[in-house]
Amino acid sequence: MSQLAKAGPAIAVGFFAAFGGFLFGYDTGTISGIIAMDPWLRKFGVKASDGTYFLPSTDKSLVVSILALGEFVGALAGAPVSDSLGRKYGISVACIVFAVGVAMQTAGTNLAVFVVGRVIAGLGVGLISCLVPLYQSECAPKWIRGGIVAAYQWFITIGLLLASVANKFGQYNEGDLTWRLPVGIQLAFGAILGVGMLFLPESPRFLIKKGDADAALKSLAILNNTDVNDIAVKEALREIIENFEQEKSFGSVSYLDCFKNDSKSKIGLRTHTGIWLQAFQQLTGINFIFYFGTTFFKSAGISDPFLVGVITNVVNVLSTIPGMYGVDVFGRRQLLLIGAAGMCICEFIVAIVGTVIGTEPGAGQVVLIVFVCLYIFFFAASWGPIAWIVTGEIYPLNVRAKAMSMSTASNWLWNFIIGFITPYMVDAPTPVAPAANLGVKVFFIWGTTCALCFVYAYFMVAETKGLSLEQVDELYIRTTPVNSDKVRRELMTEHHTHDDLEADVQVKAK
């Protein structure tokens with residue numbers, strides 16, 4: 001049986017779980033258009049002196065960023081939920097929480113109810129964002145693990161795209177259905193994921209952590225399209241058990257222990273790597289485009305900002321595909337470095353041209369749109385998926401859920417901070433709310449943070465392409481992130497030699 005055929009069930013499981021990213025992407029994408037829709041503004045906004053309705057910067061910051069606050073709390077809850085209920089049942093519970101929040105937003109008649117609904121929906125999305133990459137990493141074959149976890153980010157981009165399409169068509173309609181329908185349809189999306197997860201196998205590594213080796217063996221057999229008597233599956237189980245038993249010998253691990261750095265496992269280094277990698281993913285400024293893109297392009301004088309929103313989302317979806325392929329071919333570090341450099345250059349070009357030439361119709365607008373799209377390409381092919389991949393694979397099993405929840409919470413914390421302060425940085429001041437009125441100059445800030453992303457990736461992110469989760473532990477014991485690629489190749493050579501011996505044993509047994 002070919003390698004791809006054996007991995008077929010694991011790939012299918014990983015891609016279905018990745019649908020959790022769609023919930024995050026769609027919910028994130030709809031809000032940027034909804035807060036610009038007249039029916040929504042008439043219900044929740046403020047009436048201006050000219051008879052039109054608008055949302056003050058304070059309320060805009062609250063409505064957009066409050067989801068991330070809920071996601072922050074939900075991500076932190078991911079560790080106790082996944083370690084008690086399991087990875088797959090935890091995802092199903094998260095979908096129930098998400099559905100409650102969506103229902104409140106759909107039925108909301110005042111801004112307070114709408115905001116509380118976004119907080120509760122955020123709790124569900126935060127749980128999903130922690131549990132899905134964790135579940136995918138623990139179930140995926142090592143040779144394609146990067147591509148499978150990257151599918152989570154791909155589904156985020158697909159959700160963003162469909163949300164922008166819904167916003168595009170919604171702008172032509174009248175009445176509350178304009179915004180209630182695109183919000184309410186998320187109930188169906190949550191039901192698909194929540195019910196579907198009940199029929200998938202549990203993570204074998206979670207089952208080992210719970211002491212159920214027989215169930216873990218069955219799960220591994222299902223994921224590898226074979227039976228429990230397969231020697232390769234038994235060997236994989238043995239490696240997981242031995243690695244976990246070694247980790248248990250160090251004693252129980254608290255959240256505080258995740259930050260302690262010893263000379264062997266380097267748990268502290270790995271925890272900080274994940275937390276700041278997710279922070280820098282947000283500090284690239286990407287969600288400025290997807291949270292505030294419609295209103296920003298409108299303020300820049302572009303006649304159809306909703307159409308530009310659709311275009312940027314199409315670029316986002318298509319550009320994630322080469323990242324899904326490249327991460328298991330070129331590696332994590334190389335793509336992160338290339339992506340950071342590319343984003344940095346594009347953002348400084350947008351900032352300089354927008355400041356010198358302006359964004360009036362003509363060359364300034366063309367440069368703005370083209371280089372924003374190039375910037376999205378570099379993000380989608382690198383930092384978008386790889387942040388989730390790396391944080392899903394660099395932690396030991398005994399702290400994986402805790403460390404993963406903290407790194408994911410870091411993503412949402414910075415998502416909240418950026419979503420909250422951006423209107424104050426970009427918008428023009430009003431009598432209701434002060435603002436810095438940076439406009440396109442905000443890209444100077446994002447360009448600078450992308451330069452920092454490059455430096456961080458070079459010194460802090462280890463190359464883990466092609467390694468099992470247990471081999472990643474060995475990698476950190478032997479070396480530092482800067483020299484990791486050389487040791488990674490040595491580990492793969494050692495493992496291939498071991499695999500050859502196992503294959504020889506199987507042949508003789510036959």
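Computation of the quantities below employed the complete heavy-atom set of this structure, encompassing side-chain atoms and omitting hydrogens, waters and symmetry-equivalent molecules. For reference, positions follow the sequence shown, starting with 1. These figures come from a predicted structure and were not determined experimentally.
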Rounded to the nearest 0.5 Å, what's the gap from CD1 on Ile156 to CG on Asp27? Could you check?
12.0 Å

Taking C-beta and beyond as the side chain, do Leu469 and Arg145 meet within less than 4.5 Å on heavy atoms?
yes

Counting distance only, does the side-chain N/O of Asp328 pair as donor-acceptor with the main-chain N or O of Gly147 below 3.5 Å?
yes

Any donor-acceptor pair under 3.5 Å linking the side chain of Thr448 with the backbone of Phe444?
yes

Please name the pair of heavy atoms, one in Val442 and one in Met425, separated by the smallest distance, quoted to 0.1 Å.
CG2-CE, 4.0 Å

Classify the side-chain pair Gln153/Trp388 by whether it contains a donor and acceptor separated by less than 3.5 Å.
yes

On a heavy-atom basis, the closest approach of Ser82 and Leu134 is OG-CD2, 4.1 Å

According to the interplanar angle, ranging from 0 to 90°, do the rings of Trp276 and Phe280 count as parallel (below 30°), tilted (30 to 60°) or perpendicular (above 60°)?
tilted

Does the gap between the ring centers of Phe98 and Phe189 come in under 6.0 Å?
no

Is it true that atom OH of Tyr325 has more than 12 heavy atoms of other residues, nucleotides or ligands lying nearer than 6.0 Å?
no

Do Ser129 and Phe24 have side chains that approach each other closer than 4.5 Å (heavy atoms only, starting at C-beta)?
no

Output, in order, the C-alpha distance, side-chain angles, deciding distance and verdict of side chain to side chain contact (heavy atoms under 4.5 Å, CB included) for Ile240 and Leu220.
CA-CA 11 Å; Ile240 295 171; Leu220 278 170; 4.3 Å; yes

Of the non-hydrogen atoms in Ala457 and Trp383, which two are nearest, and what is the gap between them?
CB-CZ2, 4.0 Å

Exercise: identify the closest heavy-atom pair between Tyr135 and Ala17:
CD2-CB, 3.9 Å

Steps toward side chain to side chain contact (heavy atoms under 4.5 Å, CB included) verdict (Ile445, Leu438)
CA-CA 10 Å; Ile445 297 175; Leu438 288 178; 4.0 Å; yes

Please step through side chain to side chain contact (heavy atoms under 4.5 Å, CB included) for the pair Cys344 and Phe454, ending with a clear verdict.
CA-CA 9 Å; Cys344 180; Phe454 183 94; over 6 Å; no

Does any part of the side chain of Ile267, heavy atoms only, come nearer than 4.5 Å to the side chain of Asp257, both counted from C-beta?
no

When rounded to the nearest 0.5 angstrom, what distance separates CZ in Phe379 from CD in Gln281?
4.0 Å

Work out which heavy atom in Cys373 is nearest to a heavy atom in Thr312; give both atom names and the distance.
SG-CG2, 4.3 Å

Test side chain to side chain contact (heavy atoms under 4.5 Å, CB included) on Leu397 and Arg400; report intermediate values, then the result.
CA-CA 5 Å; Leu397 180 57; Arg400 188 169 295 143; 3.5 Å; yes

Cationic N near anionic O, under 4.0 Å, Arg270 to Asp473
yes

Are the side chain of Ser407 and the backbone of Gly274 linked by a donor-acceptor contact shorter than 3.5 Å?
no

Keeping Arg333 on the side-chain end and Tyr458 on the backbone end, is there a donor-acceptor pair under 3.5 Å?
yes

Are any non-hydrogen side-chain atoms of Ile286 and Tyr375 less than 4.5 angstrom apart?
yes

Non-hydrogen side-chain atoms of Ile11 and Ile148 separated by less than 4.5 Å
yes

Using modelled atom types and a 3.5 Å cut-off, is there a donor and acceptor pairing between side-chain atoms of Lys88 and backbone atoms of Leu200?
yes

Any donor and acceptor pair, going by atom type alone, linking the side chain of Asp230 with main-chain N or O of Ala232 inside 3.5 Å?
yes

Could you report the tightest heavy-atom contact between Ala409 and Ala75, atom names first, then the distance?
N-CB, 3.5 Å

Do Met404 and Thr391 make a side-chain contact, defined as non-hydrogen atoms from C-beta onward lying under 4.5 Å apart?
yes

Measuring only between side-chain heavy atoms, which start at C-beta, is Leu161 closer than 4.5 Å to Val314?
yes

Between Glu463 (side chain) and Arg332 (backbone), is there a donor-acceptor pair under 3.5 Å?
yes

Any side-chain heavy-atom pair from Phe16 and Met197 closer than 4.5 angstrom?
yes

What I want to find out is whether Arg478 reaches Glu494 closely enough, with some N-O distance under 4.0 Å, to be called a salt bridge.
yes

Determine the interplanar angle of the Trp446 and Phe288 rings, folded into 0 to 90°, and report it as parallel if under 30°, tilted if 30 to 60°, perpendicular if over 60°.
tilted

Using modelled atom types and a 3.5 Å cut-off, is there a donor and acceptor pairing between side-chain atoms of Thr449 and backbone atoms of Leu283?
yes

Are the side chain of Ser319 and the backbone N or O of Asn316 linked by a donor-acceptor pair below 3.5 Å?
no

From Leu23 CG over to Cys95 SG, what is the distance, rounded to the nearest 0.5 angstrom?
6.0 Å

Going by an N to O cut-off under 4.0 Å, is there a salt bridge joining Asp485 and Arg489?
yes

Enter the distance from Ser484:OG to Lys465:NZ here, rounded to the nearest 0.5 Å.
11.5 Å

To the nearest 0.5 Å, how far apart are CZ in Phe371 and CZ in Phe443?
12.5 Å

Would you please indicate if the ring centroids of Phe416 and Phe72 are separated by under 6.0 Å?
no

Any side-chain donor near an acceptor of the partner, Asn411 and Thr408, under 3.5 Å
no

Nearest-0.5 Å distance, OG of residue Ser203 to CD1 of residue Ile208
9.5 Å

Verify, without hydrogens or angle tests, whether Ser219 (side chain) and Ala215 (backbone) share a donor-acceptor contact under 3.5 angstrom.
no

